[in-house]
Novice: 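So that we are looking at the same thing, I have put the structure below in structure tokens.
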Amino acid sequence: MFDSFFYALTVFLMLTGIIALIYFIIMKLLTPRKRSSFLQIIPLFENENPTGHIAAAIEKRNLCGEARYCDIIAVDMGLSEDTRAYLENMYFKSDKFLICDYDSLSQVIASRLSGTMAKIPNK
């Protein structure tokens, strides 16, 4: 009885490890080899789980070892005030994260290309 349970647990953990290894290899192959800073721009809609999108972007960045090189810019595409306040409190306290409106996205990208991650005031 216990043998079959431990066998099933071992097989499950081996498959999970193999899947994680394949995912890591694929992400490494899709990541540019040049270690220069880059932007990851994520549009956030109210009805599409914006916290999940931010968490997935952070996990992808951390999994591939790009935390020093990647800045995440989240574009508010109709978030409610409560959701935006929650996101700002949870994720956007670092200088590697920025949330902006669609109208100010060009200003944010221009400021990032000039070497700063200045916060753009909300309208």
Novice: Under a 3.5 Å distance rule, please check whether N49 uses its side chain to pair with a backbone N or O of G52 as donor and acceptor.
Specialist: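 Flag set: sc N49 to bb G52 pair under 3.5 Å.
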
Novice: Quick one: side chains of residues 39-47, donor-acceptor pairs under 3.5 Å with protein atoms, not counting sequence neighbours, listed by atom name and distance.
Specialist:
from	atom 1	to	atom 2	distance (Å)
E46	OE1	S80	N	2.8
E46	OE1	S80	OG	3.3
E46	OE1	T83	OG1	3.2
E46	OE2	T83	OG1	3.0

Novice: What are the two closest non-hydrogen atoms of R84 and D101, and how far apart are they?
Specialist: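 Smallest interatomic distance, heavy atoms only, reads NH1-OD1, 2.8 Å.
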
Novice: Rounded to the nearest 0.5 Å, how far apart are OH of Y86 and OG1 of T51?
Specialist: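 If I round to the nearest 0.5 Å, the distance is 6.0 Å.
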
Novice: Within the 4.5 Å heavy-atom criterion, are I58 and F97 side-chain neighbours or not?
Specialist: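 Yes, side chains in contact.
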
Novice: Enumerate donor-acceptor pairs with a distance under 3.5 Å from any side-chain N or O in residues 1-25 to protein atoms, sequence neighbours excluded.
Specialist:
from	atom 1	to	atom 2	distance (Å)
S4	OG	M1	O	2.9
T10	OG1	F6	O	2.7
T16	OG1	F12	O	2.8

Novice: May I ask you to test the D71-L98 pair for a side-chain heavy-atom distance under 4.5 Å?
Specialist: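 SC-SC contact between D71 and L98 ruled out.
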
Novice: Should the heavy atoms of other residues, nucleotides or ligands under 6.0 Å from CD of E48 be counted, would the total exceed 12?
Specialist: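 It does: E48 CD has more than 12 such atoms within range.
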
Novice: Rounded to the nearest 0.5 Å, what's the gap from CG on D76 to SG on C100? Could you check?
Specialist: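 Nearest 0.5 Å value for the CG-SG distance: 8.5 Å.
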
